[in-house]
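By convention in this document, chain letters (A, B, ...) are assigned in the order of the sequence lines, proteins followed by strands, and residues within each chain are numbered from 1. We use all heavy atoms of the structure for the numbers below, so side chains are in, but hydrogens, waters and symmetry mates are not.
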2 protein chains.
Amino acid sequence: MGTPPALAYDAARMTAATDTHRFPPRTEHLLDRATDFCSRENMKLTSLRRQVLGLMLESARPMGAYDLLEQLRTLHEGAAPPTVYRALDFLLELGLIHKIERLSAFVPCLHTLEHDHGLHAHEEGEECLHSGQFLICRECSQVTELEDAGILAAIVAASRKAGFRMTHSTIEIEGVCARCAGAAHARA
Amino acid sequence: MGTPPALAYDAARMTAATDTHRFPPRTEHLLDRATDFCSRENMKLTSLRRQVLGLMLESARPMGAYDLLEQLRTLHEGAAPPTVYRALDFLLELGLIHKIERLSAFVPCLHTLEHDHGLHAHEEGEECLHSGQFLICRECSQVTELEDAGILAAIVAASRKAGFRMTHSTIEIEGVCARCAGAAHARA
DNA sequence: CATTTGACGATACAATATAACATATCATCG
DNA sequence: CGATGATATGTTATATTGTATCGTCAAATG
Ligand SMILES: [Zn+2]
Ligand SMILES: [Zn+2]
Ligand SMILES: [Zn+2]
Ligand SMILES: [Zn+2]
């Protein structure tokens with residue numbers, strides 16, 4: 001992550017930055033990383049997409065598309081459902097966010113942002129988007145993304161045994177997180 | 001209740017009883033098992049629920065709630081969305097069917113029907129509904145339910161390591177099934 | 001510059017799921 | 001039996017989630 005050379009991209013980013021909502025520094029930093037990630041993939045994190053990802057990073061919890069729409073409207077007048085869904089599709093395809101199917105909601109993938117790549121090889125030679133594993137707390141609604149090699153290995157092995165060629169896996173684990181379990185214990 | 005010139009009320013009951021759609025023998029047999037299963041749980045597989053489960057057993061593929069509604073209407077005039085969703089909720093709670101989240105669709109659980117129980121202990125001492133693992137073929141849309149001990153063990157281990165107390169897991173694996181992969185290979 | 005491509009605006013709609021309240025059925029007991 | 005409470009179903013309306021489609025614009029391509 002050395003300092004990127006000053007290129008035409010910088011100009012775009014400046015303009016985008018001035019007329020765009022500013023998130024807290026930590027979020028803006030992650031958004032900058034996302035911008036870099038996108039340009040390495042020859043894609044563009046437009047101002048709209050950046051705002052959507054920013055809203056998700058600011059949220060402690062998974063956000064539904066219409067939650068996002070409501071928030072986005074305060075920043076971007078005239079946003080409509082397709083506005084949000086297009087941004088979500090883009091972010092999903094790059095692996096910058098994940099969808100939690102059981103919640104019909106979305107979370108940013110910190111793994112991709114922090115490791116600067118969202119690819120994962122779960123068969124030799126085949127690269128594909130990583131699909132994390134999600135711990136969903138039914139008390140506090142927080143979601144934690146894991147990337148557990150043991151789970152992945154077990155799933156790959158079971159698929160293989162069934163002659164199934166896996167391309168994506170959805171692993172969502174519901175229960176009570178450590179913090180909430182601790183709180184319940186303290187109350188009791 | 002026994003007066004020969006049947007009152008409208010009696011007639012309705014008779015029609016309801018005799019009028020119930022008959023599925024092919026194999027399906028009726030599974031439905032009978034489901035009836036037994038329910039009564040052991042002190043629940044009742046009513047005619048409506050039985051029809052819904054029957055439709056699912058007859059289908060080679062996962063069925064959406066509105067697919068079911070459409071079919072059900074040919075057997076049961078006046079069925080509405082809540083009719084189907086209530087039956088689905090009942091069947092889900094007993095573990096007789098599963099929801100495939102990625103498809104917003106439902107499949108019968110042959111495991112529960114064949115083993116006459118849908119319970120599974122994934123922590124010592126704790127019994128809960130089993131949550132299978134599903135192989136979803138993107139070519140033929142068929143879904144295969146696994147119950148792989150290795151996957152379950154890996155998930156339990158990872159949850160535990162995170163201090164998370166799991167109560168349910170959703171495992172959906174997308175890809176190409178053995179048959180479709182074979183067909184593709186043959187074509188190439 | 002002409003063309004193509006991708007992103008976005010805007011409207012309408014489809015698909016999935018639930019809320020709320022009325023009625024019916026069934027079991028149980030006085 | 002007849003009242004009573006619990007469960008199941010009927011019925012209407014609505015909430016929530018997700019797409020299709022078409023038009024406009026602007027940057028990229030050549
Ligand atoms: Zn991730
Ligand atoms: Zn929690
Ligand atoms: Zn099952
Ligand atoms: Zn297939």
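Here the side chain of A/Thr83 is nearest to one of D/dG18, C/dA7, C/dG9, namely C/dG9. Between D/dT9, D/dG18, C/dA7, one nucleotide has an atom nearer to the side chain of A/Arg49 than all others, and that is C/dA7.
Residues passing the ring pair (Phe, Tyr, Trp, His ring centres under 6.0 Å) test with A/Phe90, sequence neighbours excluded: none. Residues passing the salt bridge (charged side-chain N to carboxylate O under 4.0 Å, His left out) test with B/Glu28 are B/Arg22, B/Arg50, sequence neighbours excluded. For B/Ala157, there are no side-chain contact (heavy atoms from CB on, under 4.5 Å) partners two or more places apart in sequence or in a different chain. Qualifying side chain to side chain donor-acceptor pair (under 3.5 Å) partners for B/Thr27, counting only residues two or more places apart in sequence or in other chains: B/Glu58. Every residue two or more places apart in sequence or in another chain that forms a side chain to side chain donor-acceptor pair (under 3.5 Å) with B/Arg138 is listed here: A/Thr167.
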Could you list the donor-acceptor pairs under 3.5 angstrom formed by side chains in residues 59-69 of chain A, with sequence neighbours left out?
from, atom 1, to, atom 2, distance (Å)
A/Ser59, OG, A/Arg61, N, 3.0
A/Ser59, OG, A/Arg61, O, 2.5
A/Asp67, OD2, A/Gly64, N, 3.0

Please list every donor-acceptor pair under 3.5 Å in which a side-chain atom of residues 74-88 of chain B meets a protein atom from a residue at least two apart or in another chain.
from, atom 1, to, atom 2, distance (Å)
B/Thr74, OG1, B/Gln71, O, 2.7
B/Thr83, OG1, B/Ala80, N, 2.9
B/Thr83, OG1, B/Ala80, O, 3.1

Considering only distance and modelled atom types, tabulate donor-acceptor pairs under 3.5 Å from the side chains of residues 93-100 of chain B, sequence neighbours left out.
from, atom 1, to, atom 2, distance (Å)
B/His98, NE2, B/His130, NE2, 3.1
B/His98, NE2, B/Glu145, OE2, 3.1

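Closest-nucleotide positions on DNA chain C for B/Arg86 and B/Gly64 were compared, and the one nearer the 5' end corresponds to B/Gly64. Toward the 5' end of DNA chain D, the nearer of the two residues B/Tyr66 and B/Thr46, judged by each one's closest nucleotide, is B/Thr46.
Within the 4.5 Å cutoff, no side-chain heavy atoms of A/Ser131 are placed close to those of A/Ile171.
Residue pairs meeting the salt bridge (charged side-chain N to carboxylate O under 4.0 Å, His left out) criterion with at least one partner in residues 166-177 of chain B, sequence neighbours excluded, are B/Arg102-B/Glu174.
Distance CG (B/Asn42) to P (C/dA27): 13 Å, rounded to an integer number of Å. Put simply, CG on B/Leu68 is 16 Å from P on C/dA15, counting in whole angstrom units. Rounding to whole angstrom units, CG of residue A/Leu69 and P of C/dA10 are separated by 13 Å.
Within residues 98-108 of chain A, the residues that have a heavy atom under 4.0 Å from DNA chain D are, in order of number, A/Lys99, A/Ser104. Contacts between residues 71-82 of chain A and DNA chain D, defined by a heavy-atom separation below 4.0 Å, involve A/Pro81, A/Pro82, listed by number.
Shown are A/Leu146, A/Ile173, A/Thr144; of these, the side chain to side chain contact (heavy atoms under 4.5 Å, CB included) with B/Phe164 is made only by A/Ile173.
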Distances under 3.5 Å between nitrogen or oxygen atoms of protein and nucleotides 25-30 of chain D:
none

